[in-house]
Amino acid sequence: MHASPLPVPNAVAARESPGDAPHADAPPLRGQVTLDSAELRRLRQSRLLSQQDLADDCWRRNIRVSVATIKRAESGRAVRFRIAHELARCFGVPVMRLVRATPA
């Protein structure tokens, strides 16, 4: 006997829907910040690093930032403040140089 497929709960279906992906202009959640993606990209490229190279360099220096997180930050999506702090440490700049100013 062939079993019918199990129904997918609406919450799961909504999470997996491509139209419901988080947008760059969505407000950050508590404990998250949006980085200045242009500044982050400029700092990375000034050191002639790809996103993967930056992640590898961070890892070698015991700074835990994945390539997926770097891509997220450079695309303008919110990241945890810890990530902003770690990236600033990697580049040797103040963390507020990387954090995008929020409109008042």
Side-chain angles (χ1 to χ4, degrees):
M1 175 180 239
H2 181 69
S4 63
L6 295 174
V8 177
N10 289 338
V12 172
R15 260 197 326 258
E16 294 176 355
S17 171
D20 292 337
H23 298 289
D25 53 338
L29 299 174
R30 186 175 179 181
Q32 293 188 330
V33 293
T34 303
L35 301 185
D36 182 340
S37 56
E39 179 66 5
L40 180 58
R41 191 173 298 110
R42 188 192 68 71
L43 285 168
R44 177 178 58 79
Q45 290 175 342
S46 72
R47 288 161 176 79
L48 304 176
L49 297 172
S50 68
Q51 291 172 332
Q52 182 65 57
D53 291 339
L54 175 58
D56 292 343
D57 185 49
C58 287
W59 194 261
R60 279 190 296 274
R61 295 167 61 191
N62 204 29
I63 299 172
R64 302 300 182 221
V65 179
S66 70
V67 68
T69 298
I70 292 166
K71 289 179 180 185
R72 183 180 314 118
E74 284 192 6
S75 70
R77 293 172 47 207
V79 296
R80 294 197 175 273
F81 185 78
R82 178 192 69 80
I83 298 299
H85 184 281
E86 297 284 43
L87 286 169
R89 188 170 70 129
C90 186
F91 288 118
V93 299
V95 69
M96 293 313 290
R97 180 171 168 188
L98 294 179
V99 175
R100 188 171 73 191
T102 56

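Since this is a predicted model, take the numbers as computed values, not measurements.
- From Leu35, atom CG reaches atom CZ of Phe81 across 9.5 Å, with rounding to the nearest 0.5 Å.
- Judged by distance alone, with hydrogens and angles left aside, the side-chain atoms of Arg100 form no donor-acceptor pair with the main-chain N or O of Gly76 at under 3.5 Å.
- Arg64 pairs by the salt bridge (charged side-chain N to carboxylate O under 4.0 Å, His left out) definition with nothing, not counting sequence neighbours.
- Separation of atoms NE2 (His85) and SG (Cys90) is listed at 12.5 Å; rounding is to 0.5 Å.
- Scanning for side-chain hydrogen bond (donor to acceptor under 3.5 Å, both in side chains) contacts around Gln52 gives Asp56, with sequence neighbours left out.
- The side-chain hydrogen bond (donor to acceptor under 3.5 Å, both in side chains) search around Arg80 returns none, not counting sequence neighbours.
- Contacts of Arg41 classified as side-chain hydrogen bond (donor to acceptor under 3.5 Å, both in side chains), with partners at least two apart in sequence or in another chain: none.
- Residues satisfying the salt bridge (charged side-chain N to carboxylate O under 4.0 Å, His left out) criterion with Arg97, sequence neighbours excluded, are Glu39.
- The nearest pair of heavy atoms linking Ser66 to Ala55 is C-CB, 4.0 Å.
- To the nearest 0.5 angstrom, Leu40 atom CG is 4.5 Å from Glu74 atom CD.
- Going from atom CZ of Phe91 over to atom CG of Leu54 covers 4.5 Å, rounded to the nearest 0.5 Å.
- Side-chain atoms of Val99 and Asp36, non-hydrogen and from C-beta on, never get closer than 4.5 Å to each other.
- For the side chain to side chain contact (heavy atoms under 4.5 Å, CB included) with Ile70, the lone residue among Asp53, Ile83, Val65, Val79 that qualifies is Val65.
- Although no hydrogens or angles enter the test, the distance criterion places no donor-acceptor pair under 3.5 Å between the side chain of Arg77 and the main chain of Arg72.
- With sequence neighbours left out, Arg82 forms a side-chain hydrogen bond (donor to acceptor under 3.5 Å, both in side chains) with no residue at all.
- Between Ala73 and Ser37, the shortest heavy-atom distance links the atoms O-CB, 3.7 Å.
- Looking at Leu98 and Leu43, their side chains come closer than 4.5 Å, going by heavy atoms from C-beta outward.
- Both Val93 and Leu87 belong to a common hydrophobic cluster when Ile, Leu, Val, Met, Phe, Trp and Tyr are linked at side-chain heavy-atom distances under 4.5 angstrom.
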